[in-house]
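Below is one structure; the comments refer to it alone.
As the structure is a prediction and not an experimental result, all values here were calculated from the model. To find a chain, count down the sequence lines: A is the first, B the second, and so on, and within it residues start at 1.
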2 protein chains.
Amino acid sequence: MGNNIPDADAELEKSDPEQHLSDFIGYTMTRALSIVRADFARTLSEYNLRAVSFSALSIVVAKPGQTQTQLADALQVERSNLVGIIDELAGRNLIIRAPVAKDRRRHALMPTTAGKELAAAAQASVADHENRVFGCLTKTERAELQRILRKFRKMATV
Amino acid sequence: MGNNIPDADAELEKSDPEQHLSDFIGYTMTRALSIVRADFARTLSEYNLRAVSFSALSIVVAKPGQTQTQLADALQVERSNLVGIIDELAGRNLIIRAPVAKDRRRHALMPTTAGKELAAAAQASVADHENRVFGCLTKTERAELQRILRKFRKMATV
DNA sequence: TATTGTTATACTCTATAACTATA
DNA sequence: TATAGTTATAGAGTATAACAATA
C-alpha cells in the first residue's frame, strides 16, 4: 500500500498543475467565472450592491408586483434567505413591500423611483463591466458563448 | 419620493422575470454552471469527494511533490483553508505529507497508490458526467465553448 | 526577518425547521 | 390544513491574523 517516497524529478517536467482538470469544461468555466465575478463585484460595490441584491432589484424593476416566494424562485434562493435581501433593499428605499388586498399574507414587491434609477445606473455599469471583461474576445466569440450557454440552460436535463 | 402602489396589470405581459439579467454573459454563465455543479457534486459524492478535494487530489496525482502553499495557489484557496482539505485526503490515506529534507518547514504532497486509483476512477466518472450534462450540445458546440473559455482565461486582464 | 504550515476566528452563504398570520 | 413571510440556527465556504518551527 502506497506510502510513496518523494520522487523529486519524475513528472516535474509537466509545468501545468491543472493538466487533467482543464480538460473539463466545468473546471474551465469555474475559473473563467471567478475572473468575471471579481470584476463584477468591484463594479457593484460602487452601488453598495451584492450580486444577489443587484439581481433581486433588477427583477423587481423588470417585473413589479411579484411576491417574495416568486422572486426567491426566480433568483434560486430559499425564501427564508430572501428576507434579508429584501430588508436590505427596502431599508435603502429601493423597493417596498406593498400589501396585496386579495391575500394579506403576501407582499407585492415594487420598485421605488430611487430603485428604478439605481437599477438603471447599475445595469449600465454592469454592461460596461461586461464589455471590459470580455473585451479579450471577439464580438463573434462573445455572441457564440452567449448562444451556447443559453442553449445549454434551455436544453440541459440532468 | 416613490412609494409606488402595486400596479396589478402593467408589465405583467412580460413572462420572463430574468429579461435584462440574461443579457449578461456572466448571469447566463452563472446559471449554466449551477446546473453543471449540481450533477458534478452528485457524481463526486460516490467517492465521498467534494469539488475542491477532487481538484486537490487530481493535482497532487498529476504533479506530485508540491508544497501546500503551491497547491493552495493552484487551487486558488487560502493556505490556511487547505489544511483541512489535506487532512481529509491524508486521513483517508489518499495522499501523504512527506518531509522535505532540504527545508523542514515544507511538506511534499505525494499521492498514495490508493489515491492514484481513486483519482483515476473519479476522473473517469467526471468525464462521464461531462458527457451526460453537456450531451445537449453538439460536439462542435462543446469544443467551441471550451476554446472560447480557455482563450478568455488566458487573455482576460481585469 | 521571512516563510511554511497551522490554529483560531469571523463573516458570508446556504439549507432546514418551526413559528405567525392568514387563507 | 396549507401557504407566505419570518425567525433561528447549523453547516459550508472564505478571509485574516497570529503563532511555532524553520530558514
Would you say B:F54 and A:L21 make side-chain contact, with heavy atoms under 4.5 Å?
yes
A:L44 has an atom CG; how far is it from atom P of C:dT12, in whole Å?
16 Å
Applying salt bridge (Lys or Arg N to Asp or Glu O under 4.0 Å), name anything that partners B:R92, two or more places apart in sequence or on another chain.
none
Ignoring backbone atoms, test whether B:Q70 places a side-chain nitrogen or oxygen under 4.0 Å from the OP1 or OP2 oxygen of C:dT4.
no
All pairs passing ring pair (Phe, Tyr, Trp, His ring centres under 6.0 Å) where residues 132-158 of chain B contributes a residue, at least two apart
A:F134-B:F152, A:F152-B:F134
Which residues, if any, of residues 31-40 of chain A bring a heavy atom under 4.0 Å of DNA chain C?
none
What pairs with B:D103 under side chain to side chain contact (heavy atoms under 4.5 Å, CB included), at least two apart in sequence or on another chain?
B:R105, B:R106
Atom-pair distance (CG on A:D73; P on D:dA4), nearest Å:
9 Å
What pairs with B:T28 under side chain to side chain donor-acceptor pair (under 3.5 Å), at least two apart in sequence or on another chain?
A:Q146
With 3.5 Å as the limit, what N/O pairs link the protein to nucleotides 21-23 of chain C?
| residue | atom | partner | partner atom | Å |
| --- | --- | --- | --- | --- |
| C:dA23 | OP1 | A:R104 | N | 2.9 |

Salt bridge (Lys or Arg N to Asp or Glu O under 4.0 Å) involving B:R104 - partner list, sequence neighbours excluded:
none
In whole angstrom, give the distance that lies between atom CZ of B:R106 and atom P of C:dT6.
14 Å
For residues A:T43 and A:S125, report the shortest heavy-atom separation together with the two atoms involved.
CG2-O, 3.6 Å
Quick one: list whatever passes salt bridge (Lys or Arg N to Asp or Glu O under 4.0 Å) with B:E117, sequence neighbours left out.
none
Residues two or more places apart in sequence or in another chain: which of them pass side chain to side chain donor-acceptor pair (under 3.5 Å) with B:Y27?
B:E18, B:R31
Expected string for nucleotides 8-18 of chain D under the B/S/- scheme (protein heavy atoms, under 4.0 Å, primed atoms plus P, OP1, OP2 as sugar-phosphate) is -----SBBBB-
Rounded to the Å, how far apart are A:H107 NE2 and D:dT3 P?
18 Å
So, using side chain to side chain contact (heavy atoms under 4.5 Å, CB included) as the criterion, who are the partners of B:E144 when residues are at least two apart?
A:E144, A:I148, B:R147, B:I148
Under the side chain to side chain donor-acceptor pair (under 3.5 Å) rule, collect the residues that match up with B:Q68, sequence neighbours excluded.
B:R97, B:H107
